[in-house]
Amino acid sequence: MLRNLSHQFKLIEKFPEPYSIATPTKKKLKSFFSFRSKKPSSFLSLFIFELKLSCVFLESIEKASMGGAPALFVDHLENGHTNGCSLKSEDTSVQIGDRSYVIGGSHEENPLFLGVQIHDKITNKWCVPTVLGTGPKPCKAYSAIVLKQGRILVIKKDAASDDSIWFLEVDSPFVREQRKLLGKEVVTWSKGVRGNAEKPIVISGPSGVGKGTLITMLMKEFPSMFGFSVSHTTRSPRCMEKNGVHYHFTEKTVMEKEINDGKFLEFASVHGNLYGTSIESVEVVTDSGKRCILDIDVQGARSVKASSLDAMFIFVCPPSMKELEDRLRARGTETEEQIQKRLRNAEAEIKAGKSSGIFGHILYNDNLEECYKSLKNLLGIDNDAPVNGLEVEGINLPKEHTVTKMEDKILIQETGEVIKNNMIVLDLSSINGGAPGRTRGIVLDTVKSS
Ligand SMILES: Nc1nc2c(ncn2[C@@H]2O[C@H](COP(=O)(O)OP(=O)(O)O)[C@@H](O)[C@H]2O)c(=O)[nH]1
Ligand SMILES: Nc1ncnc2c1ncn2[C@@H]1O[C@H](COP(=O)(O)OP(=O)(O)O)[C@@H](O)[C@H]1O
């Protein structure tokens, strides 16, 4: 294998002038390939990959020396297609099918986020899509590269390490589903982070079964591992409940508007009140590197199951209806009328929970300690497990750079007055997740010339 690799390096070195200008490049490629050589790969595909890599990389050096970036610029849109849309020279544009996505400035609907505008070649119309989730803050310059599955990789220049890599989803499954639901043009942002995260956990079960108690125990024992998705609700707070901690207590009209604005991952009418999980609630937890827990009803769980959020679904059953009633009464938080309503709904919920095929796991909460132990087993944690949360790793990029794509690899070459010898390779072949939440699984190699 090593012999084969050294043969390939010779081939790369045989490139004629002007490629020979990039002497540090050869060293970088060598160290990159020798790093890669630890992983098995067929000789032919490796050879083709390396050949393409060297060509594309050298091309990027050429572009860097001309001061250009590989992304298209708005100037490239055909004349006369602006239709009154204000575009600036620093805006970046990428083409997907008949549409150009122009990225730059501030978003019309939310000036805190980077702006996105869409130009449709066929209708010659511009539109400002609704942006779902939390987007990146605007900055001076970007590179944008089209990826598979309706995603655009947006790399911010001169940005903080936890704010440099973003994915603009313009036609991902989540975007398609939200577009259908909201009946308007939507896009969504997902921040790119290194490392993987465990799936979010959806916990459902009838009122009074002990969901809240189990979740509180889990978060108390493993505070750095789990985070609670704080739902919105139109019901009144109970005496011990805090706004923003247990729920975001809200007005019906406000919540309905926010649902129409595409701010919610799911929502449902439960026991006569509106409840919903905002996209932001899930993102706040995943941004902190914790595994997100959603306490939602069966309708909400059904919506999440049908959505693009890949989650683990757990249903909690009471030992009997009598015990459920006793617990609800002992909790003392509901009026008699509300208790009766919750008990009536409980029967249908238990039936749906057991038979709908939504829930992969059913727990019986008879003895609390035993049920808690079973929950921990399901989640793959026992008392000996390490309790550290997952690190949310940002990506440090050079202030000035050029970006080149080659298959699933993004090559970021440091530029500036003195051409530096650092190259960063973002490997996107194992990315997973995406909005809502975060795009994870980015592998990063820094290649330095010796
Ligand atoms: N669909 C959905 N259901 C929720 C959400 N938040 C809470 N619920 C459910 O609403 C129901 C009532 O919750 P709550 O008023 O806190 O009463 P409790 O379950 O008796 O403590 C429960 O089944 C919760 O799981 C949400 O964001 N979406
Ligand atoms: N296994 C159990 N045995 C007895 N009481 C329980 C058990 N689990 C929870 N409880 C109690 O039942 C009541 C309802 O639990 P809670 O967690 O509020 O339910 P939920 O969130 O599902 O509505 C609480 O007073 C709680 O202390």
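For reference, positions follow the sequence shown, starting with 1. Both ligands and their constituent atoms are indexed starting at 1 by order of listing.
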Apply the test side chain to side chain donor-acceptor pair (under 3.5 Å) to residues S190 and T439: give CA-CA distance (whole Å), side-chain angles for both, the deciding distance (0.1 Å), then the verdict. CA-CA 6 Å; S190 167; T439 300; 2.7 Å; yes
Check step by step if salt bridge (charged side-chain N to carboxylate O under 4.0 Å, His left out) holds for D120 and K125. CA-CA 5 Å; D120 191 313; K125 284 206 172 112; over 6 Å; no
Could you walk me through whether K156 and D163 satisfy the salt bridge (charged side-chain N to carboxylate O under 4.0 Å, His left out) test, starting with their C-alpha distance in whole Å, then the side-chain angles of each, then the deciding distance to 0.1 Å, before giving a yes or no? CA-CA 8 Å; K156 291 176 71 177; D163 188 41; 2.6 Å; yes
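For residues 103-116, there are no salt bridge (Lys or Arg N to Asp or Glu O under 4.0 Å) pairs, not counting sequence neighbours.
Considering backbone and side-chain atoms together, H232 places no N or O closer than 3.5 Å to any N or O of ligand 1. Looking at E241 next to ligand 1, no N or O pair under 3.5 Å apart turns up. Ligand 1 has no N or O atom lying under 3.5 Å from any N or O atom of E334, backbone or side chain. Looking at ligand 2, you'll find an N or O of K211 within less than 3.5 Å of one of its N or O atoms. Polar contact check, D295 against ligand 1: a nitrogen or oxygen pair lies under 3.5 Å apart.
Closest to atom 20 (O) of ligand 1 by heavy atom, among S204, G276, S207, is S207. In the candidate list L328, D295, T213, V316, T213 is nearest to atom 24 (C) of ligand 2, counting heavy atoms.
Of the possible polar contacts, one joining the H107 side chain to the P129 backbone as a donor-acceptor pair under 3.5 Å is found.
How far NZ of K263 is from OG of S278: 9.5 Å, rounded to the nearest 0.5 Å. Here the straight-line distance linking atom OG1 of T188 with atom CZ of R179 works out to 12.0 Å at 0.5 Å rounding.
What sits closest to atom 18 (O) of ligand 2 on the protein, heavy atoms only, is R331 NH1, 2.8 Å. Nearest non-hydrogen protein atom to atom 8 (N) of ligand 2 is N365 ND2, 3.0 Å. Ranking protein heavy atoms by distance to atom 13 (O) of ligand 1, first place goes to Y247 OH, 3.3 Å. Ranking protein heavy atoms by distance to atom 4 (C) of ligand 2, first place goes to R327 NE, 3.5 Å. The shortest contact between atom 19 (O) of ligand 1 and any protein heavy atom is with K211 NZ, 3.6 Å. Protein heavy atom in closest approach to atom 21 (O) of ligand 1: R331 NH1, 3.1 Å.
Ligand-side atoms of ligand 2 in range of P206: 22 (O), range being under 4.0 angstrom from any heavy atom. Atoms of ligand 2 lying under 4.0 Å from any heavy atom of D366, numbered from 1 in the order shown and given with element: 1 (N), 2 (C), 3 (N). In the vicinity of S207, heavy-atom distances shorter than 4.0 Å reach the ligand 2 atoms 23 (O). Every atom of ligand 2 is numbered from 1 in the order shown, and the set under 4.0 Å from a heavy atom of G212 is 17 (O), 20 (P), 21 (O).
Distances shorter than 4.0 angstrom occur between a heavy atom of R342 and an atom of ligand 1. The shortest heavy-atom distance from G208 to ligand 2 is under 4.0 Å.
Side-chain contact of E266 with T277: a donor-acceptor pair under 3.5 Å is present, judged by distance alone.
Within 6.0 Å of CD on E337 lie no more than 12 heavy atoms contributed by other residues, nucleotides or ligands.
Contact check on K351 versus E347 returns no salt bridge, with no Lys/Arg side-chain nitrogen under 4.0 Å from an Asp/Glu carboxylate oxygen.
Residue-level proximity to ligand 1 for Q299 is absent, since no heavy atom of it falls below 4.0 angstrom.
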